[in-house]
Each structure stands twice: as structure tokens, then as C-alpha cells.
Engineer: 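Input: one structure, supplied below.
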Amino acid sequence: MRASRESAGIEAKYEGSEFVAAHKSTGIRSGHGMTLWLTGLSGAGKSTIASLLTDRLREQGLAAEWLDGDELRRALGQGLGFSREDRFENIRRAVYVAGMLNRHGVISVVSVISPYAEMRDYARQSLPGFAEVYVDCPLEICESRDVKGLYAKARRGEIPSFTGISDPYQAPASPELTLRTAEQTPEESVNEIWSWLSRSGTLPELNK
């Protein structure tokens, strides 16, 4: 049995029981969707690592998309504030998009603060191929990296419910991987994720 469909430059084919998606314009091919969920404080280095990791996956011929927390909020989170309930709703939307990509064989690299354990538990329960990556960085280092001055504004009370200052960040209890970004470069962090992916067999395509 074989069927195919085309949408947004992606050709999807069913060959027996295997689902394969191929990006026609780039030659990128994928068949094993999963989500790498990068969580940590603002300024910990999530976005930089996620961007580099996505580029590396694509260089290996794998279909990968980076879902950044700020971009997701701008595109899909209009009308949402920063209450616990609104933050959770933002995460639900991120999980939905990541899951859609996964079902089409695309690797989702998600970089979101996701400060509460229940948010990340929800993502884990909703996404079959989920791996939590804790981007661990001391608060004072995150503050020193803050070129936008958000932490300073939060300390002055100008930004309410700011994670790490006026709102808690619940560190993951047992993530698949912890990156200590005060002690390593973004490139070293990506290498650590890559080694874990290869060692764990999470992405069989890496070992082909």
C-alpha cells in the first residue's frame, strides 16, 4: 500500500508501515520525529543552543524545526499574559505544534523557560518522543548576560511574575540531560546533546 500527499514543500509517503517525510526543496529526509525540550532560566543559553543544534541536525540531512518560546508567544500566544494559567496555555500550544511536527517525522527543538514541573510533565505525557534538556545556569550569570535589562526591570518591580525573581523556577528533578552553560560554550553544549543522542539511540538515524 502506498499513498502520498504534498503540502508546504514537503512530500510525505507511506511505504508499508514506515512513514517517511522528505523536504523536496532541500533534500532533507526524516522518519523519526521526537522533541528535544530545552528548559531553563532566561539568559541560560537555551535559544543559542537550540539554534545551533537545529542547524547541525539539518546538516546531517534530518528534518528539524526550532520552536523558540518568544517567537511562539508572538505568533500563537496573542492575548496571553504571564499568569500561571496563561503560561500553561502557551505551553499547551507549543506542545501541539511540536506534536504535529513529530507526526510528520520532524524533530522539534523547543526552547522555552517552562518554569513549572507540571508544564514539563504535561509535555512529556503528550509527546511520545520527548527528551528534557535542563539548561542549568546560575541566576547571577543569567543576569550578567541580560542585554535587554529584563532582570533589572524585574528587580525594580517593573515586570511582574518574572521567572527567577518574582516567580519561581522549578528545576527538573530527572531530565534526560543537564547542560551547565556557565562552564561550557554553546558549541560544547551542542556536542554534549549530540553525544547523548548517539549514545542513547534516541535518533537511530545518527548511527547509520
Side-chain angles (χ1 to χ4, degrees), residues 5 7-23 26-40 44-69 71-72 75-76 90-114 117-136 172-179 181 186-208:
R5 64 182 175 181
S7 175
I10 298 178
E11 180 182 18
K13 299 178 180 178
Y14 291 88
E15 299 176 353
S17 60
E18 181 183 6
F19 176 76
V20 177
H23 287 242
T26 62
I28 292 176
R29 183 177 175 86
S30 70
H32 188 87
M34 69 166 298
T35 295
L36 290 160
W37 191 279
L38 279 64
T39 175
K46 300 182 300 299
S47 295
T48 301
I49 294 167
S51 177
L52 291 171
L53 176 60
T54 303
D55 287 345
R56 187 163 177 183
L57 288 164
R58 289 172 177 168
E59 287 167 3
Q60 294 295 312
L62 296 170
E65 289 294 338
W66 170 30
L67 304 178
D68 179 65
E71 293 297 324
L72 284 168
L76 302 177
N90 197 51
I91 293 301
R92 287 191 188 96
R93 296 178 188 186
V95 167
Y96 177 79
V97 175
M100 288 286 288
L101 290 168
N102 290 170
R103 286 194 291 276
H104 287 79
V106 179
I107 300 163
S108 299
V109 182
V110 182
S111 55
V112 287
I113 295 174
S114 44
E118 64 178 323
M119 292 177 171
R120 303 188 299 269
D121 289 343
Y122 170 80
R124 184 182 293 278
Q125 293 164 9
S126 302
L127 299 167
F130 176 91
E132 185 177 44
V133 180
Y134 176 28
V135 184
D136 184 12
S174 54
E176 276 70 20
L177 186 64
T178 297
L179 305 173
T181 57
E187 291 78 11
E188 288 171 336
S189 294
V190 171
N191 288 339
E192 193 169 338
I193 296 173
W194 203 261
S195 296
W196 177 79
L197 287 169
S198 299
R199 188 173 63 251
S200 65
T202 304
L203 279 179
E205 293 92 337
L206 296 184
N207 298 316
K208 289 182 178 178

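We number each residue from 1, following the sequence as shown.
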Engineer: What are the two closest non-hydrogen atoms of Ala94 and Leu72, and how far apart are they?
Structural biologist: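 Ala94 and Leu72 have their closest heavy atoms at CB-CD1, 3.7 Å.
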
Engineer: Can you tell me how far apart CG (Leu177) and CG (Leu197) are? Round to the nearest 0.5 Å.
Structural biologist: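 Spacing of CG (Leu177) from CG (Leu197) equals 8.5 Å.
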
Engineer: For the atom pair CG (Asn90) and CE (Met119), what is the distance rounded to the nearest 0.5 Å?
Structural biologist: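 It comes to 8.0 Å.
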
Engineer: Nearest 0.5 Å, please: how far is OG1 in Thr202 from CD1 in Ile107?
Structural biologist: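 If I round to the nearest 0.5 Å, the distance is 10.5 Å.
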
Engineer: Considering only heavy atoms from C-beta outward, does the side chain of Leu179 approach that of Asp136 to under 4.5 Å?
Structural biologist: no

Engineer: I would like to know whether Ile91 and Trp37 meet side chain to side chain contact (heavy atoms under 4.5 Å, CB included); could you show each step before the answer?
Structural biologist: CA-CA 11 Å; Ile91 293 301; Trp37 191 279; 4.0 Å; yes

Engineer: Are the charged groups of Arg56 and Glu187 less than 4.0 angstrom apart, N to O?
Structural biologist: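 So Arg56 does not pair with Glu187 through a salt bridge.
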
Engineer: Can you list the steps and then say if Val109 with Leu57 is a side chain to side chain contact (heavy atoms under 4.5 Å, CB included)?
Structural biologist: CA-CA 10 Å; Val109 182; Leu57 288 164; 4.0 Å; yes

Engineer: Can you measure from NZ (Lys46) to OG (Ser189) and round to the nearest 0.5 angstrom?
Structural biologist: 12.5 Å

Engineer: Quick one, Asp68 with Ser47, criterion side-chain hydrogen bond (donor to acceptor under 3.5 Å, both in side chains). Give me CA distance, side-chain angles, the key distance, then yes/no.
Structural biologist: CA-CA 7 Å; Asp68 179 65; Ser47 295; 2.7 Å; yes

Engineer: Not counting sequence neighbours, which residues clear salt bridge (charged side-chain N to carboxylate O under 4.0 Å, His left out) with Glu176? List them please.
Structural biologist: Arg124

Engineer: Sub-3.5 Å donor-acceptor pair from the side chain of Arg58 to the main-chain atoms of Ala64, do we have one?
Structural biologist: yes

Engineer: Measuring from Glu188:CD to Thr181:OG1, what's the distance to the nearest 0.5 Å?
Structural biologist: 11.5 Å

Engineer: Give the minimum heavy-atom separation between Leu38 and Ala50, together with the two atoms involved.
Structural biologist: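 Between these two residues, the closest heavy atoms are CD2-N, 4.0 Å.
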
Engineer: Please step through side chain to side chain contact (heavy atoms under 4.5 Å, CB included) for the pair Leu36 and Phe130, ending with a clear verdict.
Structural biologist: CA-CA 6 Å; Leu36 290 160; Phe130 176 91; over 6 Å; no

Engineer: Measure across Leu52 and Pro186 and return the closest heavy-atom pair with its distance rounded to 0.1 Å.
Structural biologist: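 Answer, listing the atom of Leu52 first, then Pro186: CD1-CB, 3.7 Å.
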
Engineer: Start with the C-alpha distance between Thr39 and Arg120, add both sets of side-chain angles, then the distance that settles side chain to side chain contact (heavy atoms under 4.5 Å, CB included), and finish with yes or no.
Structural biologist: CA-CA 9 Å; Thr39 175; Arg120 303 188 299 269; 3.7 Å; yes

Engineer: Judged by atom type as modelled, is there a donor-acceptor pair below 3.5 Å linking the side chain of Ser108 to the main-chain atoms of Ala98?
Structural biologist: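 Confirmed, Ser108 side chain pairs with Ala98 backbone.
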
Engineer: Considering all heavy atoms of both residues, which atom of Val95 and which atom of Ser126 are nearest to each other, and what is their separation?
Structural biologist: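 In this case the closest contact between Val95 and Ser126 is CG1-CB, 3.6 Å.
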
Engineer: Answer whether the closest heavy-atom distance between the side chains of Thr178 and Val135 falls below 4.5 Å.
Structural biologist: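 They are not in contact (no side-chain heavy atoms under 4.5 Å apart), so the answer is no.
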
Engineer: With respect to Val97, which candidate in Leu67, Asn102, Val110 satisfies the side-chain contact (heavy atoms from CB on, under 4.5 Å) definition?
Structural biologist: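 Testing Val97 for a side-chain contact (heavy atoms from CB on, under 4.5 Å) against Leu67, Asn102, Val110 leaves exactly one candidate, Leu67.
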
